[in-house]
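What follows is one structure encoded as structure tokens, with my remarks underneath.
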Amino acid sequence: MADKNQEIGGIHFPFPFPPYPIQKDFMAELYKVLEAGKIGIFESPTGTGKSLSLICGALSWLRDFEQKKLQAEARLLEPGSGPTSGGKNSLSSSSSCQEPSDAPRPAGEPDWVTEFVQKKEERELVERLKEEQVKRRRREERLQQVCQDGRLRFAAKRMKQEEEETETLLRLSREMLDAEAGSEQLECGEEELVLAEYESDEERRASRVDEDEDDLEEEHITKIYYCSRTHSQLAQFVHEVLKSPFGKETQLVSLGSRQNLCVNEDVKNLGSVQLMNDRCMDMQRIKHEKSRPGGDKPKRRRQKIQTSCPFYNHEQMQLLRDEILLEVKDMEQLVALGKEARACPYYGSRFAIPAAQLVVLPYPMLLHAATRQAAGIRLQGQVVIIDEAHNLIDTITDIHSTEVNGSQLCQAHSQLLQYMERYGKRLKAKNLMYIKQILYLLEKFVAVLGGNVKQNPSTQSQPQTGSELKSINDFLFQSQVDNINLFKVQKYLEKSMVSRKLFGFTERFGVVLPSLPASQNRNLDGFQHFMKSLQSGPTEDSLEEGQATAPRAASPLMHIEAFLAALTTANQDGRVILSRQGSVGQSSLKFLLLNPAVHFAQVVKECRAVVIAGGTMQPVSDFREQLLACSGVEAERVVEFSCGHVIPPDNILPLIICSGPSNQQLEFTYQRRELPQMMEETGRILCNLCNVVPGGMVCFLPSYEYLRQVHAHWDKTGLLARLSAKKKIFQEPKKASQVEQVLVAYSKCITCCRNTGGHLTGALLLSVVGGKMSEGINFSDDLGRCVVMVGMPYPNIKSPELQEKMAYLDQTLPRTQGQLPPGKVLVENLCMKAVNQSIGRAFRHQRDFASIVLLDHRYARASVLAKLPAWIRDRVEVKATFGPAFAAMRKFHREKSHLCLV
């Protein structure tokens with residue numbers, strides 16, 4: 001029986017099995033970071049149990065934190081023992097719901113005033129503690145009741161089914177009445193398209209929320225927010241929680257988008273994320289209107305019967321919330337439970353956030369402030385763990401960068417103009433003012449691209465082509481919109497929801513688009529046909545997904561809202577790229593965020609502690625300088641921790657090869673890598689390695705285009721035939737839908753060669769750095785006995801975005817004497833991050849072994865070597881010529897051949 005209670009440094013860490021030494025170090029360091037309220041950068045190679053170490057380390061701290069808090073509360077609430085200042089401070093500093101009152105008193109204040117204020121604060125503290133105890137007791141009693149009476153769920157289900165049957169009968173009767181109405185329906189349905197008075201929108205929505213959600217307001221307990229990149233990674237983490245000793249006692253909730261959690265088939269069939277969001281909100285609005293007095297007597301009869309969502313029921317969602325908190329569930333189980341209970345998992349999971357101890361969510365929901373606020377996530381005093389964070393900076397940049405094209409601008413202008421013409425006399429003056437401002441903005445944005453909103457954007461030729469980069473202020477001046485308050489326009493778009501109204505208007509009546517016959521555009525089909533005609537052709541992504549019909553297009557004004565919001569960024573933190581192509585329709589305006597720290601600063605400021613973790617975090621200088629230092633985090637608050645791998649030191653052979661078999665120096669720069677002699681030398685190296693490496697080999701090349709060129713050249717010179725004589729050749733596909741198929745064939749080939757023998761010793765997989773197989777794919781055991789990296793995959797230095805980012809870093813970050821400028825350091829770091837992600841694919845468990853071959857003499861530079869993971873860097877061997885490198889490879893794989901049979 002394994003000891004499930006490991007004591008490390010006086011702290012008890014429950015663990016499902018005796019942990020590795022590096023896991024003990026990881027948990028102990030993580031505990032210290034959370035206890036001290038610091039920012040931790042944690043690196044733990046894949047295959048070392050990082051997720052389990054995060055779970056056991058973080059939840060052990062949370063367990064101890066809650067125990068200390070309860071003990072402090074008990075001491076303060078003991079009869080006859082009034083609160084002391086020391087007890088008060090110790091409690092408030094450990095509580096996420098209380099703010100320590102350490103504000104300095106005015107100088108010369110009388111003692112009796114100070115004593116009075118102190119006693120008042122102590123009384124308030126005791127009252128808050130008593131309220132918390134009552135809430136905590138109610139919450140525990142509620143969960144116990146749900147646990148003891150499982151029949152509640154089924155009773156609710158039966159009750160909901162009866163309600164739906166009744167609603168169906170009422171709907172049928174209403175449809176019969178509407179069918180008899182005849183001509184009364186000619187003007188129906190337009191009332192919901194007219195903008196309400198702008199000033200009252202916010203108040204009306206707030207009152208509706210208050211009516212339904214007063215009983216849902218609940219104090220947030222101290223919790224841990226865990227986020228990762230994909231839903232599959234989140235599901236894997238939830239399964240790890242279930243396997244851990246904390247699996248049965250942790251209150252966990254998984255958050256996701258409507259695409260993943262919606263159980264209403266009518267909404268899911270819309271396809272577009274934006275349309276799903278809008279349809280969901282419309283259904284809620286309809287429900288609110290029905291629940292208001294007189295809501296069942298509309299002024300005009302509606303053309304199309306619209307119903308509220310049958311799953312959006314607060315009573316049912318409260319029951320679902322309790323079921324979520326009762327035991328750990330992944331997203332698939334949550335959706336199944338929502339269907340069974342006839343309750344919305346999307347909102348039910350959000351209702352569970354306050355009482356949850358562990359909240360699992362994707363990156364954008366945590367890193368985007370508006371999404372965070374809409375989800376009800378409060379970071380004040382909480383702990384955030386960001387896993388798979390090697391691309392955190394790029395993720396923040398992508399989330400807050402946006403692009404609109406000329407077609408969208410022209411379409412939005414045409415739709416909004418016709419909307420104003422139809423309803424102008426029924427709109428309030430303030431609504432008209434803002435609509436005219438938006439029309440002016442759209443007109444000027446099209447003009448800066450060289451077009452005219454009154455003409456079809458696909459037929460307007462663009463005399464000038466190329467990209468032009470502007471600061472935000474320069475772009476606003478050039479567009480002649482610097483006199484408009486974009487903050488107010490952004491607030492109006494958000495509060496009035498005009499883009500939703502516009503989409504409903506377009507869907508119902510159609511619009512006459514610029515320079516096209518009205519007969520083509522009087523319905524939605526004509527509108528969609530025009531939008532499709534603006535595209536140059538079907539994209540590869542749409543073809544690979546095999547979609548028979550494209551999802552309904554959302555209003556283009558929805559995309560433009562994000563662009564207008566981006567223009568409110570500080571001038572020094574972003575740039576606007578004007579890309580002029582063959583036509584105005586294809587031209588675009590792109591906002592590029594240069595300083596991701598402005599959006600990450602709020603996270604590190606509000607949270608008690610933040611942990612940035614990943615399998616490969618090197619080089620970490622980007623996180624320290626670009627993200628944390630620019631967010632105002634002091635260097636003393638940042639803690640770095642990097643652990644080794646669980647594999648023995650002699651199970652890895654990293655080699656840097658500087659020249660090939662014909663003594664050709666290996667330097668795969670952009671100018672030299674396409675030379676015939678360089679491609680031939682690469683082929684000869686792989687031919688030699690295939691003779692000594694058993695099983696599978698994975699070779700990473702800089703790009704898909706270079707892979708195509710190399711493959712074609714090898715085929716022409718006969719090198720491909722020589723390679724195929726030893727290993728079957730596979731290539732990484734461009735289409736994501738074909739990746740699984742190639743991997744299965746690759747695996748089957750290796751298994752067959754191992755079992756049957758013959759002239760083939762395995763397979764060679766030609767992959768692309770940064771492609772679909774360089775992240776998230778495990779080449780364990782025979783699938784990856786050798787990983788070859790051809791050249792150094794530097795990003796395109798001529799990219800306007802990268803050049804501007806380099807210039808920005810050169811201006812803002814300090815330059816250390818004797819080192820490269822910050823801009824060049826960024827380029828090198830981007831290269832090495834891609835390399836590190838690729839070469840670690842082959843080591844997945846303690847008994848695994850593999851060799852790593854870096855083909856380029858530039859890898860031997862000290863600055864480059866320092867950016868390899870420590871567990872690889874410490875074992876690297878630099879080989880100036882190919883002979884000694886080949887001898888080392890042959891010896892390594894010969895000695896390890898017996899492990900293949902274990």
Side-chain angles (χ1 to χ4, degrees), residues 8-9 11 13 19-46 48-65 93-94 96 222-229 233 237 240 358-361 363 366-367 379-393 395-396 596-597 600-644 833 836 869-871:
I8 306 170
I11 303 169
F13 292 93
Y20 299 123
I22 60 174
Q23 290 178 315
K24 293 182 179 180
D25 296 340
F26 188 103
M27 290 189 292
E29 194 65 30
L30 176 63
Y31 193 101
K32 292 177 184 177
V33 167
L34 301 185
E35 184 69 16
K38 295 190 174 184
I39 310 295
I41 303 175
F42 282 71
E43 181 181 50
S44 179
T46 307
T48 57
K50 170 171 57 71
S51 296
L52 200 54
S53 300
L54 281 170
I55 292 167
C56 295
L59 291 180
S60 293
W61 170 83
L62 185 61
R63 172 205 61 198
D64 295 345
F65 176 85
S93 64
S94 64
S96 64
T222 304
K223 58 175 55 62
I224 297 170
Y225 288 98
Y226 171 91
C227 63
S228 190
R229 289 186 302 125
Q233 290 171 337
F237 179 82
E240 290 288 328
L358 181 58
V359 180
V360 179
L361 68 166
Y363 274 176
L366 181 90
L367 299 175
L379 297 181
Q380 188 67 45
Q382 310 291 10
V383 170
V384 166
I385 298 177
I386 304 174
D387 201 2
E388 300 296 330
H390 57 273
N391 59 353
L392 177 61
I393 295 176
T395 300
I396 299 174
F600 196 65
Q602 187 177 3
V603 175
V604 296
K605 180 181 178 181
E606 293 184 358
C607 291
R608 171 194 177 93
V610 177
V611 175
I612 303 172
T616 304
M617 300 296 289
Q618 291 291 339
V620 297
S621 59
D622 286 353
F623 297 101
R624 273 189 170 274
E625 297 169 5
Q626 294 185 41
L627 205 58
L628 300 179
C630 293
S631 297
V633 178
E634 302 84 359
E636 297 76 17
R637 195 186 173 198
V638 182
V639 176
E640 292 181 24
F641 175 81
S642 179
C643 63
K833 281 182 182 294
N836 292 338
W871 61 279

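The figures here come from the full heavy-atom set of this structure, side chains too, leaving out hydrogens, waters and symmetry mates.
- Judged by distance alone, the side chain of Q382 and the main-chain N or O of K223 form a donor-acceptor pair under 3.5 Å.
- To the nearest 0.5 Å, the span separating SG on C227 from CD on Q233 amounts to 11.0 Å.
- In terms of heavy-atom proximity, W871 sits nearest to P45 at NE1-CG, 3.3 Å.
- Panel note: side chain R608, backbone E35; a donor-acceptor pair is recorded below 3.5 Å.
- In this pair, F26 and F641 present their aromatic rings perpendicular. The plane angle is above 60°, beyond the 30 to 60° band.
- Heavy-atom minimum distance, D387 versus S51: OD2-OG, 4.3 Å.
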Does the side-chain contact (heavy atoms from CB on, under 4.5 Å) test come out yes or no for F42 and L54, once each step is laid out? CA-CA 10 Å; F42 282 71; L54 281 170; 5.8 Å; no

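- Here the straight-line distance linking atom CD of Q380 with atom CD of E606 works out to 5.5 Å at 0.5 Å rounding.
- The line from CD of E29 to SG of C643 is 11.0 Å long, rounded to the nearest 0.5 Å.
- Within the 4.5 Å cutoff, side-chain heavy atoms of L367 are placed close to those of L392.
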Evaluate E388 against K50 for salt bridge (charged side-chain N to carboxylate O under 4.0 Å, His left out), listing each step before the verdict. CA-CA 10 Å; E388 300 296 330; K50 170 171 57 71; 3.7 Å; yes

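- In terms of heavy-atom proximity, I41 sits nearest to M617 at CG2-CE, 4.1 Å.
- Y363 is listed as a side-chain neighbour of N391, based on a closest heavy-atom distance under 4.5 Å.
- Rounding to the nearest 0.5 Å gives a distance of 10.0 Å between CD1 of I224 and CD1 of I55.
- V383 places a side-chain heavy atom less than 4.5 Å from the side chain of W61.
- Contact record, T616 with P869: CG2-CG, 4.0 Å, taken as the closest heavy-atom pair.
- Between Y31 and D64, some side-chain heavy-atom pair lies under the 4.5 Å cut-off.
- Here the side chains of V384 and C607 are in contact, with some heavy-atom distance below 4.5 Å.
- Contact check for I386 versus V603: no side-chain heavy atoms found under the 4.5 Å cut-off.
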side-chain contact (heavy atoms from CB on, under 4.5 Å) between L628 and F600: does it pass, once the steps are laid out? CA-CA 8 Å; L628 300 179; F600 196 65; 3.9 Å; yes

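- L62 has its side chain out of reach of L358: every pair of non-hydrogen atoms, C-beta onward, lies at least 4.5 Å apart.
- Counting only distance, with no hydrogens or angles, the side chain of D622 and the backbone of I393 share no donor-acceptor pair below 3.5 Å.
- Pairing each heavy atom of M27 with each of S53, the nearest pair is CG-O, 3.5 Å.
- Residue I612 holds its CD1 atom at 13.5 Å from NE2 of H390, rounded to the nearest 0.5 Å.
- In this structure, the separation between OG on S60 and CG on L30 is 9.0 Å, given to the nearest 0.5 Å.
- In plain terms, the two heavy atoms of V604 and R637 that are nearest each other are O-NH1, 3.3 Å.
- E625 is not listed as a side-chain neighbour of C630, based on a closest heavy-atom distance of 4.5 Å or more.
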